[in-house]
Amino acid sequence: MSSRFRDLHRPGDPLLLPNAWDYGSAAVLAAHGFPAIGTTSLGVSAVHGKPDAAGATKAETIELAELLRNLGVLVTVDIEGGFSDDPAQVSDLVAALATLGVAGVNLEDGRPDGTLRPIGLHQRIIEAAKGHGVFVNARTDTHWLKTGDTRERVSAYGHADGIFVPGLRDLGEIAEVVASTPLPVNVLYLPDGPTLAQLAAAGVARVSTGSLLYRASLHGALSSLLAVQGRTATPAPTYAEIAAMLPGPR
């Protein structure tokens with residue numbers, strides 16, 4: 001595992017992790033001094049015209065990781081649920097990413113049908129991802145999907161290297177999650193949620209931007225185009241709006 005990447009996870013002084021969707025976006029972020037960059041599955045899926053969180057972009061995700069290897073920054077890759085329910089296949093994927101110099105992976109327990117992967121199976125998936133020298137960030141979608149018990153999942157994934165609970169916005173609840181695990185806690189930045197300083201005070205160790213930058217880029221492009229006509233763009237698209245535009249699983 002990249003000790004440099006692990007060391008960036010400091011409770012109270014969190015790593016702000018921007019998420020890129022292609023080489024160009026990652027190169028811009030690297031050029032502006034961000035020490036680590038993540039990928040966003042929504043952005044990668046949209047670029048390639050495929051559904052997000054449906055296991056459809058394994059090849060594209062690996063290809064992007066290979067493109068980013070020479071940017072001089074640490075890279076962590078969103079591999080959705082590992083693109084398989086077979087721990088052996090997940091192990092092979094993470095091993096392949098490790099050979100590309102990837103510093104971390106993000107593994108989620110949410111499924112496209114709105115359910116959560118069974119706890120025991122996700123525990124085995126996490127275990128399969130470990131041992132390849134990368135930081136395994138275990139994401140639970142209890143808040144995202146409004147199902148399951150967050151505390152139970154956080155505890156069950158204690159053999160990971162980090163815990164990610166996207167959707168949390170209440171500072172008291174965030175602090176409770178932080179207090180419930182010795183692992184560094186990752187939350188998703190929400191423009192209408194707590195500030196980076198507030199998240200730091202709650203003990204968060206990593207703050208990801210997720211699909212925010214990709215969605216903002218679409219908004220910026222559309223705003224620039226409409227301005228030529230003297231028109232004003234609508235607000236930036238939401239995750240759900242972009243996901244609804246993408247083709248369904250094939």
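Sequence positions, counted from 1, serve as the residue numbers for this chain. Since this is a predicted model, take the numbers as computed values, not measurements.
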For [X], enumerate each residue passing the side-chain contact (heavy atoms from CB on, under 4.5 Å) test, keeping only those at least two apart in sequence or located in another chain.
| X | answer |
| --- | --- |
| Pro191 | Tyr189, Leu212 |
| Glu176 | Arg151 |
| Ala156 | Ile119, Gln123 |

Residue list, side-chain hydrogen bond (donor to acceptor under 3.5 Å, both in side chains) with [X], at least two apart or on another chain:
| X | value |
| --- | --- |
| Arg111 | Asp85 |
| Tyr157 | Asp109, Arg153 |
| Asp78 | Ser41 |

key: Contacts of type ring-ring contact (aromatic ring centres under 6.0 Å, His included), residue His9, not counting sequence neighbours   = Phe5, Phe135
task = With sequence neighbours excluded, give me every salt bridge (charged side-chain N to carboxylate O under 4.0 Å, His left out) pair touching residues 185-208.
result = Arg169-Asp192
List, one per line, each side-chain donor-acceptor pair under 3.5 Å for residues 221-235, sequence neighbours excluded.
{"from": "Ser223", "atom 1": "OG", "to": "His219", "atom 2": "O", "distance (Å)": "2.8"}
{"from": "Ser224", "atom 1": "OG", "to": "Gly220", "atom 2": "O", "distance (Å)": "3.0"}
{"from": "Gln229", "atom 1": "OE1", "to": "Arg231", "atom 2": "NH1", "distance (Å)": "2.7"}

key: No-hydrogen, no-angle side-chain donor-acceptor test under 3.5 Å, His143 and Glu173   = yes
Exercise answer: donor-acceptor pairs, residues 59-74 side-chain atoms, under 3.5 Å, sequence neighbours excluded:
{"from": "Glu60", "atom 1": "OE2", "to": "Lys50", "atom 2": "NZ", "distance (Å)": "2.7"}
{"from": "Thr61", "atom 1": "OG1", "to": "Thr57", "atom 2": "O", "distance (Å)": "2.7"}

Sequence neighbours excluded and cut-off under 3.5 Å, please list the side-chain donor-acceptor pairs for residues 91-99, or say none.
{"from": "Ser91", "atom 1": "OG", "to": "Ala128", "atom 2": "O", "distance (Å)": "3.4"}
{"from": "Ser91", "atom 1": "OG", "to": "His132", "atom 2": "NE2", "distance (Å)": "3.0"}
{"from": "Thr99", "atom 1": "OG1", "to": "Ala96", "atom 2": "O", "distance (Å)": "2.5"}

key: Pairs where residues 13-22 contributes a residue and the test side-chain hydrogen bond (donor to acceptor under 3.5 Å, both in side chains) is met, not counting sequence neighbours   = Arg10-Asp13, Asn19-Thr209, Asp22-Ser25
